[in-house]
Amino acid sequence: MGGGGDGGWWWTGDDGSLKMEVAKVSMLNDLNTFSNNYSIRVKIVSISKKMMNNNKNEIYRLDMIFMDEMGTMIQASCLHKMLGKFKEFLHLDECLLITKPSLATNKSSAKYTKRNDKISLYFYTIVEKCFDWSGPKYRFNFVNLKDVVKNKFEVNIVIDWINYVDVCFNLEDTSKKDGSKGKRLNLRLEDIEGQKCPVTLWDGFAIDMFAYMNDKKREKYVVILCHFGMVNLYKGKRGVANGFELSRLFIDTDIEEISSFRKRYVEKISASSSSNDHVGSIVISSVQDEFLNNPDFMLIGFLGTISTTKKVLVVGTITAICTDKLWYYNSCNHCKSGVEERFVTKQNPDGSSDVYHEKSWVCTNDKCEGVDIYSIPRFKIPIRVQDSSGTVSLTLFDFEAYKILQKTAKELVSIQDQVVNSGEIPNPYPEIFDTLIGKRYAFIISVKDYNIEHQVENYGISMATNDDEILSALCAKFNLNQHEQSESLDVPDSCSLSTPVDLMKDEMSYCGDNVTHASQALVGTENPSSDETKRNIREVLDVDDALGCSPTKRRISDELYQDEDAGVSTLLIPKIEK
């Protein structure tokens with residue numbers, strides 16, 4: 001038995017004569033289970049190996065996605081017993097003429113096409129290479145990032161996505177459900193309209209992407225495309241990811257879709273007023289790099305002299321937790337702004353014209369387009385920090401607070417609620433906060449327009465660390481011990497007010513549980529300067545300078561505090577003396 005062109009096959013009959021039967025070349029949309037007597041002309045657009053459970057070195061099945069010349073796709077498979085017959089043909093992007101395939105039930109947990117069946121290559125199937133392919137090279141069906149973020153797609157649904165890589169975080173080790181180890185890489189994407197979205201890459205995809213991002217010869221504006229990716233949900237936030245099996249990742253590949261996207265994105269950047277300051281895709285490195293490579297050190301007593309918005313580094317000791325502001329706020333699950341509980345008018349689900357009123361959470365951010373909004377308690381801990389030149393008010397927000405306390409705001413609110421339900425009067429803040437008092441930290445803080453215009457010395461913390469090695473290195477770098485021993489407030493040369501640095505003002509939200517900080521791994525720069533590597537981590541800032549702080553006696557004023565940047569209102573509880 002052998003193969004033949006034009007959708008046919010031939011064999012030698014009993015009388016020795018050559019016999020041939022011609023099968024019609026069918027489109028994938030026309031396939032049914034009535035007969036196997038047809039041929040298909042397809043291209044393998046994705047392929048994946050499924051290994052034996054008891055032998056990870058032996059292939060159990062090849063899973064594939066076939067595309068015909070109309071761009072229609074269907075899943076396909078070839079079991080291990082048939083691999084010997086077909087393996088020379090089954091390669092990624094190979095074009096094939098397949099005669100007498102069989103339709104089987106598609107029991108895959110992930111449906112990469114709309115069909116509930118798949119092509120199966122079995123004993124009577126004939127496969128040969130196709131040299132007259134007239135179909136498309138690829139067929140993508142891209143989704144809008146905004147639709148992903150706004151919950152318009154179900155989690156785990158298969159999608160195609162293409163976007164610019166705004167930020168690449170650190171490669172992480174992970175543990176899988178079966179006990180094996182893997183890799184995870186979080187990134188932040190941005191589309192042409194400026195919509196940002198988290199993405200998670202796994203295992204080989206993560207390793208390849210991280211290696212490319214750290215290659216000095218890479219593109220400045222990195223564009224990635226995922227074929228057969230999926231909608232992902234991580235820590236309550238929707239984003240995109242690769243699938244574990246049949247996904248394909250194109251990283252700055254020379255294909256039309258990527259070239260076109262990069263051209264449009266660069267045109268958008270070039271048209272903006274900040275185009276000269278755009279450093280392109282960046283890689284986030286370690287906490288140590290972020291602090292030790294930051295030249296913008298400032299003594300607390302001189303923070304008021306700053307005249308431009310920037311991030312600066314300060315080192316000081318936490319002396320008190322302020323008690324005239326609540327230590328958390330109820331945040332929107334979509335944008336992290338504050339939420340309020342209001343009565344909302346709704347129509348009866350029975351279709352009648354009657355309406356009813358129901359209490360619902362409403363986001364205070366007018367620009368938030370989230371749906372199904374609910375409240376998530378987040379940290380907003382007001383602290384006082386002191387060095388040898390003065391004391392300042394800082395606000396420790398959710399991500400950095402969790403890193404230090406290893407507790408979520410939701411957990412601590414629940415504990416205080418239990419105290420209230422028992423009839424006791426709770427402390428103004430959880431007792432675990434007292435472990436912060438007396439500890440020395442290095443902080444990267446945000447000096448914003450509000451601070452400068454209104455002379456408000458109350459700053460938001462972007463990053464915090466009390467790592468002994470980092471603190472020691474900072475002390476040596478900026479001669480902190482020398483300054484602390486001096487009775488003069490004159491600033492030594494090494495502690496000059498600050499080296500000016502232009503900072504990007506776009507909001508940086510963290511992805512997954514990664515630390516958001518910048519490295520020097522930027523394209524085309526052997527020794528990149530600080531202003532090329534620093535990015536804003538959060539634009540949320542506590543702006544009220546009325547403080548009530550004490551390391552021993554806690555007092556609470558009866559007033560309303562408004563966080564203008566975050567849109568957070570917190571009603572302070574009555575004064576309590578202890």
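Atom set for the values below is all heavy atoms of this structure, side chains included, hydrogens, waters and symmetry mates excluded. In what follows, residues are counted from 1 in the order of the sequence shown.
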Are the aromatic ring centres of Phe397 and Phe379 under 6.0 angstrom apart?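 Ring centres of Phe379 and Phe397 not closer than 6.0 Å.
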Determine, step by step, whether Asn458 and Leu394 satisfy the side chain to side chain contact (heavy atoms under 4.5 Å, CB included) criterion, reporting the C-alpha distance in whole Å, the side-chain angles of both residues, the deciding distance to 0.1 Å, and the verdict. CA-CA 5 Å; Asn458 195 331; Leu394 304 179; 5.9 Å; no
If you apply the rule side chain to side chain contact (heavy atoms under 4.5 Å, CB included), what do you find for Trp161 with Ile224, and how did you get there? CA-CA 8 Å; Trp161 49 266; Ile224 60 173; 3.5 Å; yes
Can you tell me how far the CD1 atom of Ile470 sits from the CZ atom of Phe291, to the nearest 0.5 Å?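 Nearest 0.5 Å value for the CD1-CZ distance: 6.5 Å.
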Phe433 and Tyr429 aromatic ring geometry - parallel, tilted or perpendicular at 30°/60° bounds: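 Parallel, since the angle between the ring planes stays under 30°.
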On a heavy-atom basis, which atom in Thr200 and which in Asn232 lie closest, and how many Å separate them?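 Closest approach of Thr200 to Asn232: OG1-ND2, 3.5 Å.
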Given side chains that start at C-beta, do those of Lys181 and Asp173 come closer than 4.5 Å, heavy atoms only?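 They are not in side-chain contact.
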Side chains of Phe169 and Val167 in contact at under 4.5 Å (non-hydrogen atoms):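 Phe169 reaches Val167 side chain to side chain.
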Are Arg184 and Thr174 close enough, and set up right, to give a side-chain hydrogen bond (donor to acceptor under 3.5 Å, both in side chains), and what steps lead you there? CA-CA 7 Å; Arg184 178 180 66 206; Thr174 62; over 6 Å; no
Determine, stepwise, if the pair Glu190 / Lys268 fulfils salt bridge (Lys or Arg N to Asp or Glu O under 4.0 Å). CA-CA 12 Å; Glu190 182 178 335; Lys268 169 200 166 186; 3.3 Å; yes
Assess, by modelled atom type and distance only, whether the side chains of [X] and [Y] contain a donor and an acceptor separated by less than 3.5 Å.
X	Y	result
Asp387	Ser389	yes
Glu411	Thr408	yes
Asp398	Tyr328	no

Within the distance-only criterion (no hydrogens, no angle test), does the side chain of [X] pair as donor or acceptor with the backbone N or O of [Y] below 3.5 angstrom?
X	Y	answer
Asn214	Phe210	yes
Ser331	Ile376	yes
Arg238	Asn151	no
Arg384	Thr317	no
Asn451	Tyr459	no

Lys439 to Tyr441 six-membered ring, cation-pi geometry met (6.0 Å, 45°):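 Geometry flag: not set, cation outside 6.0 Å or 45°.
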When you look at Val339 and Thr364, which way does the side chain to side chain contact (heavy atoms under 4.5 Å, CB included) test go after all the steps? CA-CA 5 Å; Val339 293; Thr364 57; 5.9 Å; no
Trace of the side-chain hydrogen bond (donor to acceptor under 3.5 Å, both in side chains) decision for Ser446 with Lys311: CA-CA 5 Å; Ser446 301; Lys311 302 252 190 189; 3.2 Å; yes
Suppose we screen for side chain to side chain donor-acceptor pair (under 3.5 Å). Which residues come up paired with Asp191, at least two apart in sequence or across chains?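 For Asp191 there are no side chain to side chain donor-acceptor pair (under 3.5 Å) partners, ignoring immediate neighbours.
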By side chain to side chain contact (heavy atoms under 4.5 Å, CB included) - contacts of Cys475 (at least two apart):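 Side chain to side chain contact (heavy atoms under 4.5 Å, CB included) check on Cys475 returns Arg440, Leu480, Asn481.
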Run the salt-bridge test on Asp166 and Arg188 with the 4.0 Å N-O cut-off and return the result as yes or no.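 Salt bridge between Asp166 and Arg188, a charged N being under 4.0 Å from a carboxylate O: yes.
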N-O pairing of Glu453 and Lys448 below 4.0 Å: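 Here Glu453 does not pair with Lys448 in a salt bridge, since their nearest N and O are not under 4.0 Å apart.
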Evaluate Lys220 against Ser281 for side chain to side chain contact (heavy atoms under 4.5 Å, CB included), listing each step before the verdict. CA-CA 6 Å; Lys220 178 179 180 180; Ser281 304; over 6 Å; no
